[in-house]
There are 2 protein chains.
Amino acid sequence: MPTLDQIKEKVILHWGEMGSLWGINRTMAQVHALLFLSDEPLCANDIMEELQISRGNVSMALRELISWGLVTRLHIKGERREYYTTEKDVWTMGRIIARERKKREVDPTINMLRESMAELETMPPSEGAYEREQVKNLLNFFETGVDVYKDLEAHKPNSILKLLGTALKVKKLSS
Amino acid sequence: MPTLDQIKEKVILHWGEMGSLWGINRTMAQVHALLFLSDEPLCANDIMEELQISRGNVSMALRELISWGLVTRLHIKGERREYYTTEKDVWTMGRIIARERKKREVDPTINMLRESMAELETMPPSEGAYEREQVKNLLNFFETGVDVYKDLEAHKPNSILKLLGTALKVKKLSS
DNA sequence: CTAAGATTTCAGAATTTACTGAAAAAATGA
DNA sequence: TCATTTTTTCAGTAAATTCTGAAATCTTAG
């Protein structure tokens, strides 16, 4: 039977792999998992030791996690070192990740698609008709996603139902 | 004003960057975007030329896209070469991507969490209580996600409403 | 202010990931 | 069957990403 530490290690390593599949670097995800599973806040030294990584790497991972809003710095009275802790509620964690990924990935994509659409619309109707159609659909897809996200954030469950309607219609057509 | 080809290139390059943020390699995402914006199917040579990449790279990207179910091979009568085309409906495309990501990322994570949970439960109650709690929450989070996904696939909108309830409750607590 | 402790930065090293191109394999048609 | 065209594979190379560690900076206590 594995020890507690071995189980924690397995979870942390897996979380790290998941992170790298999601465009988050391995170490950052490992630090997050370590803090998530830790009852008390940890300092940089603790993290270095547990994950066997360099001081600089810990510093960079923490900076990134803080910029995501997933980790907070903690001054413990009488302590000289900084301590770090993470959001412990999984649903809140999920919301934070959704918010950040939207900001970093979806918003720039929507901007790019809007710009492309505007440019495509200045062209003669004979040219690029198919491209125009496809960019429009893509844009609509992302915009619908953002609408649902916003309503969820704002407690308005109306449009998630609209989405559901669309999803079911698509399902029906394609099955 | 940009030409049609310049606009297409911009969309394709951006889609490639997006892909690499999502654990899909840049080339694979670019090939997908190229096919998505193309009215007719393309052959390997077309893709090589448009994206300025090697034959081998095209072959690998197509294999991967086909294994995701996003691209299909097309035999055109009288043609010796294979042609390729992609799913053109954005909603269907979204569903395919969701299905594959679930299979490749979420399912293995759930397995790992279940295994860890089982191991944690064999330990004395005094040891690892916090870890047990957190792994349980994580597992529940992912399992809820899968439930919603399955109901959507199966036309049953019930549990998405349950999720919504939970999400709103969380929102309320944390705001 | 100074010294000790703690954190951050970043150039270079290490590692990982992606790509090329030529050889091998597969497919097609005569 | 064989010759030709197309696709696939994969070893080696290139590129991108991540990590280290020492110097610089910042913080705090005395």
Side-chain angles (χ1 to χ4, degrees), chain A residues 12-35 41-68 71-86 104-105, chain B residues 12-35 41-68 71-86 104-105:
Chain A
I12 290 169
L13 292 181
H14 185 104
W15 201 248
E17 294 312 313
M18 283 287 292
S20 49
L21 282 176
W22 276 70
I24 287 161
N25 98 31
R26 197 191 319 280
T27 302
M28 183 177 156
Q30 286 181 1
V31 171
H32 175 247
L34 175 64
L35 291 171
L42 303 178
C43 69
N45 277 351
D46 297 334
I47 297 170
M48 278 175 69
E49 217 168 276
E50 291 271 2
L51 302 182
Q52 299 285 1
I53 57 178
S54 72
R55 188 172 292 285
N57 201 4
V58 170
S59 175
M60 289 189 297
L62 286 171
R63 172 170 35 152
E64 199 67 0
L65 285 163
I66 290 168
S67 91
W68 275 63
V71 163
T72 48
R73 211 183 286 273
L74 224 65
H75 296 273
I76 291 187
K77 59 183 178 188
E79 278 283 358
R80 189 136 181 188
R81 303 180 193 170
E82 308 271 13
Y83 281 74
Y84 301 89
T85 190
T86 192
R104 290 156 200 253
E105 296 157 27
Chain B
I12 290 169
L13 292 180
H14 185 103
W15 201 248
E17 294 313 313
M18 282 288 292
S20 51
L21 284 175
W22 277 71
I24 288 161
N25 98 30
R26 196 190 319 279
T27 302
M28 182 178 156
Q30 286 181 1
V31 171
H32 176 247
L34 176 62
L35 291 171
L42 302 178
C43 69
N45 276 351
D46 297 334
I47 298 171
M48 279 176 69
E49 218 169 276
E50 291 273 1
L51 303 181
Q52 299 284 2
I53 57 179
S54 73
R55 189 172 293 285
N57 201 4
V58 170
S59 176
M60 289 188 296
L62 286 171
R63 172 171 34 158
E64 200 66 1
L65 285 164
I66 290 169
S67 92
W68 275 62
V71 163
T72 48
R73 210 184 286 275
L74 223 64
H75 296 274
I76 290 188
K77 58 183 178 187
E79 277 282 0
R80 190 135 181 187
R81 302 181 192 167
E82 308 269 12
Y83 280 74
Y84 302 90
T85 190
T86 192
R104 291 157 200 252
E105 296 157 26

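Every chain is numbered from 1, with letters handed out A, B, ... down the list of sequences.
- Of the listed nucleotides (D/dT18, C/dC10, C/dA6), C/dA6 has the atom at the smallest distance from the side chain of A/R81.
- Here the shortest heavy-atom pairing between A/A29 and A/W15 reads O-CD1, 3.1 Å.
- Proximity of B/R73 to the phosphate of D/dT8: a side-chain N or O atom is located under 4.0 Å from OP1 or OP2.
- Residue A/M60 places its side chain closer to C/dC10 than to any other of D/dT9, D/dT18, C/dC10.
- Atom CE in A/M28 sits about 16 Å away from atom C1' in D/dC19, given to the nearest Å.
- Look at NE2 on B/H75: it is 10 Å from P on D/dT7, rounded to the nearest Å.
- When the P atom of D/dT25 is taken as reference, atom CD of A/E82 falls 19 Å away, rounded to whole Å.
- Side-chain proximity of B/A44 to C/dA27, D/dT7, C/dT8: nearest is D/dT7.
- Atom-to-atom, CZ of B/R26 to C1' of D/dA15 comes out at 10 Å; the value is rounded to the nearest Å.
- The nearest whole Å value for the distance from the CE atom in A/M48 to the P atom in D/dT20 is 9 Å.
- The CZ atom of B/R104 sits 10.0 Å away from atom CG of A/L21, with the distance rounded to the nearest 0.5 Å.
- Within the 4.5 Å cutoff, the side chain of B/V31 has no heavy atoms near those of the B/V58 side chain.
- As judged by a 4.0 angstrom heavy-atom cut-off over every strand, A/R80 is placed among the base-contacting residues.
- Projected onto DNA chain D by closest heavy-atom contact, B/G56 and A/I53 fall at different nucleotides, the more 5' of which corresponds to B/G56.
- Between B/T27 and A/N45, it is A/N45 whose nearest contact on DNA chain C lies nearer the 5' terminus.
- The distance between atom CD1 of A/I24 and atom P of D/dT17, rounded to the nearest whole Å, is 16 Å.
- Closest contact between the side chain of A/S54 and the listed nucleotides D/dT20, C/dT7, D/dT9 involves D/dT20.
- Applying the 6.0 Å contact sphere to CD of B/E79 captures more than 12 heavy atoms from other residues, nucleotides or ligands.
- Per the geometry, CD1 belonging to B/I47 stands 15 Å off P belonging to D/dT6, to the nearest Å.
- Contact annotation for B/N57: base contact, defined as any heavy-atom pair under 4.0 Å involving a base atom.
- The interatomic distance linking B/E64 (CD) with C/dA18 (C1') rounds to 12 Å, in whole Å.
- Using a 4.0 Å heavy-atom distance criterion, B/R55 is classed as a base contact.
- The minimum heavy-atom distance linking A/M28 with A/I24 is given by the pair SD-CG2, 3.8 Å.
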